[in-house]
Amino acid sequence: MSASPVRFPSNIRSARTSATMAARYNFRETEAKWQRIWEEAKAFQVREDPKRPKYYVLEMFPYPSGRIHMGHVRNYTLGDLLARYKMAKGFNVLHPMGWDAFGMPAENAAIQAGIHPTKWTYENIDTMKAQLKVMGLSYDWSRELATCDPGYYKHEQKMFLDFLAKGLAYRKEGWVNWDPVDQTVLANEQVIDGRGWRSGAVVERRKLSQWFLRITHYAEDLLQAIETLDKWPERVRLMQQNWIGRSEGAYIQFDVVGQKDQRIEVFTTRPDTIFGMSFLALSPNHPLTDELAKRNPKLAEFVADCNRIGTSEAELETAEKIGFDTGLSVAHPFIPGKTHPVWVANFVLMEYGTGAIFGCPGHDQRDLEFARKYGLPVIPVICPPDADPKTFAIEDEAFTGEGFAINSDFLDGLGVAEAKRAAIARIESDKRGKGAVQYRLRDWGVSRQRYWGCPVPVIHCEACGIVPVPEKDLPVRLPEDATFDKPGNPLDHHPTWKHVDCPKCGKKARRDTDTFDTFFESSWYFARFASPHSKQAFDRKAVDYWLPVDQYIGGIEHAILHLLYSRFFMRALTDCGYLKLAEPFAALQTQGMVVHETYRAPDGSWLMPSEIAKTGDGAARRLSDGVPVEIGRIEKMSKSKKNVVDPENIIENYGADTARLFMLSDSPPDRDLEWTDAGVEGAWRYLNRLYRMVAEPPLPLPPKGAPMPNDFGPRALAARKATHRTIVGVGDDIERFHFNKAVARIRELTNALDELKEGGREPGAAWAYREGIETAVRLIGTMAPHLAEELWEMLGHKETLAKTAWPEADRALTVEDTVKVAVQVNGKLRGTVELARGAAKDEAEKAALALPNVTAAMNGKAPKRVIVVPDRIVNVVV
RNA sequence: GCCCGCUUGGCGAAAUCGGUAGACGCAAGGGACUUAAAAUCCCUUUCCCUCACGGGAGUGCGGGUUCGAGUCCCGCAGCGGGCACCA
């Protein structure tokens, strides 16, 4: 592993070198020493142990992109703190790490740099693993896995075949982004402003026959079970709920005018507004649209225009709403003789409902804009409760609120919910449709036309159709000798790989040349960690013992897809008999991004933080030539803006403990963390202070385990109280993921211990100091484990901290007998009174009213009311 | 466009249940130690008025509920995450 040279501001360098003068903390030696000791003791290797409570901590495994970045450092530091804490609390802790090793960057490296994806990936894994080791994380490395290993993906091929047998995998046409120049399928991120990233050609939508997983089979269960995920952030649960998007409504069939037996079926969530219908709209990809377009070149052109927009929902939704009048019309189901035009509209999605809607401009904003644009009628049919139905009209805004039906024949006067019920009843009795539940969730398309993924274990035979690869032939391995010099799918180009004999009839057949979406691998890796070397996908005993993951930690960007797919997978695998588990992640913690200032040279090019130096007035200059640098906004660290700080340099210059402590200080885990040199310095200084507090204590320390004195002076007692309050507080903070507060509390404790310098001659002072500093070291051992181990040893302990239990607080020392109670007059603070804890209300009131400040503020008036919240506040209202 | 968040001193933040806003830290200023610097230690530090005592304002903006709102409700703005083939 090599450290790339980075220039640091001179004060940083001298801070380090001068650190050799007095008793100094040598982080290089110390960190290496403890990493070696942990490794030799196999301190973090675990086995199932039914006698002990288990705890499974997992950080989202990384894609081996090349080097560890700060986002990884933050993620793993959070997990490591928790893992070490739970170990100290007596849990049997599983804390594994692995590699999400399939994906596009490896393939891009092959195309651009000619490096084979296998080589590229494994070299990256080596580099990144070495970087992680230097961080001193408490992983059980014996469980390491890489998803590109055939030993891993063969299980996933078996799972797919089981899904296929169960009807959970099926084939249908799906849309892809097609680059007509490169003749390649593009990922959404490879489409930039509607053009292929490499060719620049305008991207087209194309239909392709692909594999889908039937996640919608579990839609209701996935939705219902969100309720049980009470240790997930509320916003993630909400996002998942909305993603699944359950809506109640109805299918309604409309007769096409002048064409006997021709009907169009729509889905609507607002059957109550059926009398406000002014048009019917078909998706550009509706089968009827296809049919009409064959006879109508203008319509065909319109459809082609619509298909020029990419496949992503964001693109479709932000595109201008356009329509095409087909000339057809449909009859209104309840108004004899009334007809409505049939349009094709680009905002109607074929993937949702039936691919056709009825438009009610009065009560749907999108329909309203469409109607205004094309001069279609707008009829209000729901009247707000406080409006006059005779004059109520729709202007620029559709009315989507609660109200009562008007202009609606048999629905008139009914509320929205009642009108829905009545409309559905009538639709059903007329045999024109039925009430139904619809989900926004779509089945998961897993086919990718790429090389670096898990091959789909299926053979296409002209005679037999789709034939699963027999289990004895698994895994279907990727051919190593693929070439990446021409666009398209390398597996498809490969001269021999796809040609096989049909396992059923023995005639010549073709392999499926697609690979799986990489979300496939990450949907079950956490379960594989329970028994990573098992010949089967899972060792049932191990999985039953370790799963679910007790605490999962990762970025909010995975709030929907990865987590939802994993939840689906556990259900599907349960149904296929692999294991028995619905919810893979009992608790979820989402982590904010690591952000940094951006810097720009006068020529507009971005500069790395290591290329600039700050001047005293807050401005910045380029180190190489001294030109002024423009300081830009604080953004997520990214290669494109160059606002990255390489963790390796930080660890090289300050040590892993400093980097870890900084990651935990100041910002709560789920918020963005701004990386600053000053913050790193702060963490570094504090670790050195701790070191001095042990190496050069202000009082002669009693030996380890010296009996507790009977007598403590006031400062010594105050220090002991601080110590025990800190134990309680830090434990609570860690359980709640308020790690920044836990750091602050430990700092408060060491500040409190400083006070003993003055009270050194008091009885019990030295004993209290040892108790306090040992506690501080034990607690910070979850955050800066190397230094803590070293100090623990210096304090005379033979057992490593990694094997030492969490301290117990003496509850008698954590509660004060008196409390300061705030006194307000009319809600404004006017003073405080010191009262016995739990003092009676009238006593508190009396003490409050006796304060001179309070009587002054009352201005001679008598109190109208006095609110007393015991131990907290007295508010006098005059 | 749709869904979901976030916004508190010069800066990162804290305030567990609606009850003393700013713990802890960074930066800055002053001081001690030192030949000097670094390191370290001590003090000040939300803003405004006041020598001081004290007073007033203040949690993105505008409203509301409440004895009391950073916290709850309604509306708005700015910033960010996701939108199904990035991982």
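Keep in mind the model is a prediction, meaning the values are calculated, not measured. A, B, ... follow the sequence lines: proteins, then strands. Residue 1 opens every chain.
In terms of phosphate contacts, Arg442(A) brings no side-chain nitrogen or oxygen within less than 4.0 Å of OP1 or OP2 of C83(B). Residue Lys741(A) places none of its side-chain N or O atoms closer than 4.0 Å to OP1 or OP2 of U16(B).
Remark: G1(B) base-pairs with C83(B). Criterion, Watson-Crick or G-U wobble with two distances under 3.5 Å. Nucleotide U44(B) has A28(B) as its partner under the Watson-Crick or G-U criteria, with both atom distances under 3.5 Å. Look at A77(B): its Watson-Crick or wobble partner, with both distances under 3.5 angstrom, is U7(B). The partner of U34(B) cannot be assigned: no Watson-Crick or G-U wobble pair with both contacts below 3.5 Å exists in any strand. Base pairing annotation: G58(B) forms no Watson-Crick or G-U wobble pair, as no partner gives both donor-acceptor distances under 3.5 Å. Pairing of U66(B), defined by two Watson-Crick or G-U wobble distances under 3.5 Å, is not identified with any nucleotide.
Heavy atoms of other residues, nucleotides or ligands lying less than 6.0 angstrom from NZ of Lys231(A) number 12 at most.
One atom, CZ of Arg830(A), and another, C1' of G68(B), lie 14 Å apart when rounded to the nearest Å. Here the P atom of nucleotide C24(B) and the CZ atom of Phe662(A) are 19 Å apart, to the nearest Å. Rounded to an integer number of Å, the gap from Glu315(A) CD to G82(B) P is 16 Å. Protein atom CG of Asn875(A) is 6 Å distant from nucleotide atom C1' of G68(B), rounded to whole Å. Protein atom CD1 of Ile309(A) is 16 Å distant from nucleotide atom P of G1(B), rounded to whole Å. Protein atom OH of Tyr439(A) is 20 Å distant from nucleotide atom P of C3(B), rounded to whole Å. Distance CD (Glu597(A)) to P (A27(B)): 14 Å, rounded to an integer number of Å. Between Leu563(A) atom CG and C3(B) atom P there is a gap of 21 Å when expressed in whole angstrom units.
Taking 4.0 Å as the cut-off between side-chain N and carboxylate O, Arg205(A) and Glu315(A) do not count as a salt-bridged pair. Contact check on Glu351(A) versus Arg440(A) returns no salt bridge, with no Lys/Arg side-chain nitrogen under 4.0 Å from an Asp/Glu carboxylate oxygen. No salt bridge links Arg745(A) with Asp732(A); every basic N to acidic carboxylate O contact stays at or beyond 4.0 Å. Taking 4.0 Å as the cut-off between side-chain N and carboxylate O, Lys641(A) and Glu597(A) do not count as a salt-bridged pair.
In this model, no side-chain donor or acceptor of Arg692(A) finds a partner on the base of U40(B) within 3.5 Å. The base of C85(B) lies close enough to the side chain of Gln210(A) for a donor and an acceptor atom to sit less than 3.5 Å apart. A donor N or O paired with an acceptor N or O is not found under 3.5 Å between the base of C85(B) and the side-chain atoms of Asn188(A). Taking 3.5 Å as the limit, the base of C83(B) and the side chain of Glu317(A) contain no donor-acceptor pair of atoms between them.
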inquiry  = For Phe102(A) and Thr121(A): C-alpha separation, side-chain torsions, deciding distance, then whether side-chain contact (heavy atoms from CB on, under 4.5 Å) applies.
reply    = CA-CA 8 Å; Phe102(A) 276 139; Thr121(A) 301; over 6 Å; no
From CA spacing to verdict: salt bridge (Lys or Arg N to Asp or Glu O under 4.0 Å), Glu107(A), Arg448(A) = CA-CA 13 Å; Glu107(A) 203 154 332; Arg448(A) 298 292 180 270; over 6 Å; no
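Residue Ala559(A) is out of contact with every strand shown, counting any heavy-atom pair closer than 4.0 Å. Among the atoms of the strands shown, none is found under 4.0 Å from any heavy atom of Ile746(A). The residue Val176(A) sits close to a base: some heavy atom pair falls under 4.0 Å. Looking at heavy-atom distances under 4.0 Å, Ile560(A) makes contact with sugar-phosphate atoms alone, never a base. The residue Thr318(A) sits close to a base: some heavy atom pair falls under 4.0 Å. Using a 4.0 Å heavy-atom distance criterion, Lys636(A) is classed as making no nucleic acid contact. In this structure, Tyr686(A) reaches neither bases nor backbone, as no heavy-atom distance under 4.0 Å exists between it and the strands shown. Across all strands, Asn826(A) comes closer than 4.0 Å to no nucleic acid atom at all (heavy-atom distances). Counting non-hydrogen atoms under 4.0 angstrom, Asp672(A) reaches the backbone sugars and phosphates but no base. Pro668(A) comes within 4.0 angstrom of sugar-phosphate atoms only, judged by non-hydrogen atoms across all strands, and of no base. Among the protein residues, His562(A) comes within range of no part of the nucleic acid, since none of its heavy atoms lies under 4.0 Å from any strand. Within 4.0 Å (heavy atoms only), Gln824(A) reaches at least one base atom of the nucleic acid. Among the protein residues, Ser65(A) comes within range of no part of the nucleic acid, since none of its heavy atoms lies under 4.0 Å from any strand. Across all strands shown, Glu351(A) has no heavy atoms under 4.0 Å from either base or sugar-phosphate atoms.
Distance check, rounded to the nearest 0.5 Å: OG of Ser312(A) to CD of Glu189(A) gives 12.0 Å.
With its glycosidic angle more than 90° from 0, C48(B) is assigned anti. In G5(B) the base sits anti relative to the sugar, since the glycosidic angle is further than 90° from 0.
To the nearest whole angstrom, the two P atoms, one in C43(B) and one in A23(B), are 14 Å apart. Nucleotides G81(B) and C86(B) have their P atoms positioned 16 Å apart, rounded to a whole Å. Look at the C1' atom in both A32(B) and U71(B): the space between them is 44 Å, to the nearest Å.
The side-chain tip of Lys172(A) points at the ring of Phe212(A) from less than 6.0 angstrom away and within 45° of straight on. Figure legend: Arg237(A) and Trp232(A) shown without cation-pi pairing, the cationic atom not lying both under 6.0 angstrom from the six-membered ring centre and within 45 degrees of its axis. In this structure, Arg366(A) fails the cation-pi test against Phe347(A), since its NZ or CZ atom is not both closer than 6.0 Å to the six-membered ring centre and inside 45 degrees of the ring normal.
Residues satisfying the salt bridge (Lys or Arg N to Asp or Glu O under 4.0 Å) criterion with Arg198(A), sequence neighbours excluded, are absent altogether.
Heavy-atom nearest nucleotides on RNA chain B were determined for Ile556(A) and for Tyr565(A), and the one closer to the 5' end corresponds to Ile556(A). Between Asp733(A) and Arg366(A), it is Arg366(A) whose nearest contact on RNA chain B lies nearer the 5' terminus.
Heavy-atom distances under 4.0 Å link RNA chain B to Asp100(A), Gly103(A), Met104(A) of residues 99-106 of chain A, given in residue order.
Comparing C42(B), G81(B), A27(B) against the side chain of Glu557(A) picks out G81(B) as the nearest.
In summary, the side chains of Tyr63(A) and Ser522(A) do not present any donor paired with an acceptor at a separation below 3.5 Å, with no hydrogens or angles considered.
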Dump every N/O contact between nucleotides 76-79 of chain B and the protein below 3.5 Å, one line per pair.
{"unit_1": "C79(B)", "atom_1": "O3'", "unit_2": "Arg633(A)", "atom_2": "NH2", "d": "3.0"}

